[in-house]
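Below: one structure, written as structure tokens.
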Amino acid sequence: MTVRAVLGIRRWRHNPLCRPTDRHEAWGALAALLLMLIAAPVLGWMCGSLTDEALQRAVRAQQAQRHLTTAVVVRGPSGVSRFAQDPEAAVAEGTAQSSAVARWRAPDGTARTGRVSVASTVTDPGERIRIWTDDGGRPVTRPMDTSTARTHAVLAGIGATLVAAGLVETARRLAVWRMMQRRYGRLDRAWAETGPDWGRTGTGS
């Protein structure tokens, strides 16, 4: 619809049957098309860039504050881990499906014991697993990596582009609807003025 209206601008310019609203609709469609092709991608690029900057800062902060260490299983898995249910508490690399009691050392060398998420294959006491801890030695999630952050930023930029294009098209449709309402209003008024004399032109009645 938008492209047809844009292509009609040249055809309607010298058409005696072309109404002002037709030209307004065509120029509005052209403006909407330019916004969708130029402004929306620019907005999406800006949104993606800002998101990437924010996520990369978060990546650097997580990588600085989270430490990979080795834990030793003290007691095997027992049911579904609360860490598996709570992503902020998940600590095992790979798929964590159960919890086990393990012992590890905090970054300052302090011995720690607690429940950590483990893969289903890790069941025997004495097995060694890799976990992430914060500066205080508490289990935390694995830090986000750079590629994951960039993927999220790209998706955010694409989403912003699509939303912007959708808003532009919605605004164009609303403008066209408003012009149509005004056009019908003028037709109704013209019909109301002409209607009483319909078929009796020149009768003087």
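- Side-chain contact between W104 and T70 is absent, with no heavy-atom pair separated by less than 4.5 Å.
- Under the side-chain contact (heavy atoms from CB on, under 4.5 Å) criterion, T148 pairs with M144, D145, H152, sequence neighbours left out.
- At least one donor-acceptor pair closer than 3.5 Å links the side chain of T151 to the backbone N or O of S147.
- R128 contributes atom CZ, which lies 9.0 Å from atom OG1 of T69 (distance to the nearest 0.5 angstrom).
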field: Pair T133-R66, side-chain hydrogen bond (donor to acceptor under 3.5 Å, both in side chains): steps then yes or no
entry: CA-CA 6 Å; T133 67; R66 301 183 183 187; over 6 Å; no
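- Proximity of P139 to V116: side-chain heavy atoms (C-beta onward) are separated by under 4.5 Å at one or more points.
- The CD1 atom of I158 sits 11.0 Å away from atom SG of C47, with the distance rounded to the nearest 0.5 Å.
- To the nearest 0.5 Å, the span separating CD on Q62 from CG on D134 amounts to 12.0 Å.
- Between atom CG of residue L155 and atom CZ of residue R150 there is a gap of 13.0 Å, rounded to the nearest 0.5 Å.
- A search for side-chain contact (heavy atoms from CB on, under 4.5 Å) contacts involving T170 returns L174, not counting sequence neighbours.
- Residues D135 and H67 are in side-chain contact: their nearest non-hydrogen atoms beyond the backbone lie under 4.5 Å apart.
- T113 has its side chain within reach of V101: a pair of non-hydrogen atoms, C-beta onward, lies under 4.5 Å apart.
- Partners of M180 by side-chain contact (heavy atoms from CB on, under 4.5 Å), not counting sequence neighbours, listed by chain and number: V176, R183, Y184.
- In this structure, V72 stands alone, with no Ile, Leu, Val, Met, Phe, Trp or Tyr side-chain heavy atom under 4.5 Å from its own, directly or through other members.
- Residues R142 and R130 fail the side-chain proximity criterion, which asks for heavy atoms closer than 4.5 Å.
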- request: I would like to know whether R75 and R115 meet side-chain contact (heavy atoms from CB on, under 4.5 Å); could you show each step before the answer?
  value: CA-CA 9 Å; R75 189 165 62 249; R115 283 194 174 274; 4.0 Å; yes
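- The side-chain hydrogen bond (donor to acceptor under 3.5 Å, both in side chains) analysis of residues 46-56, with sequence neighbours excluded, yields the pairs D52-Q56.
- W45 belongs to a hydrophobic cluster whose remaining members, ordered by chain and number, are V42, M46; membership requires side-chain heavy atoms of ILVMFWY residues under 4.5 Å apart, directly or through intermediates.
- Side-chain heavy-atom separations under 4.5 angstrom define the hydrophobic clusters, and the remaining members of the one that includes L167 are V163.
- Residues L43 and L162 do not share a hydrophobic cluster, clusters being chains of Ile/Leu/Val/Met/Phe/Trp/Tyr side chains in contact below 4.5 Å.
- Nearest heavy-atom pair, A29 versus R172, reported as atom, atom and distance to 0.1 Å: CA-CD, 3.9 Å.
- Residues meeting the side-chain contact (heavy atoms from CB on, under 4.5 Å) test with A165, sequence neighbours left out: M36, A40.
- A side-chain contact (heavy atoms from CB on, under 4.5 Å) with L37 is found for exactly one of L34, L33, L35, namely L33.
- Under a hydrophobic clustering in which Ile, Leu, Val, Met, Phe, Trp and Tyr are joined whenever their side-chain heavy atoms come within less than 4.5 Å, directly or via other members, V59 and V154 fall into different clusters.
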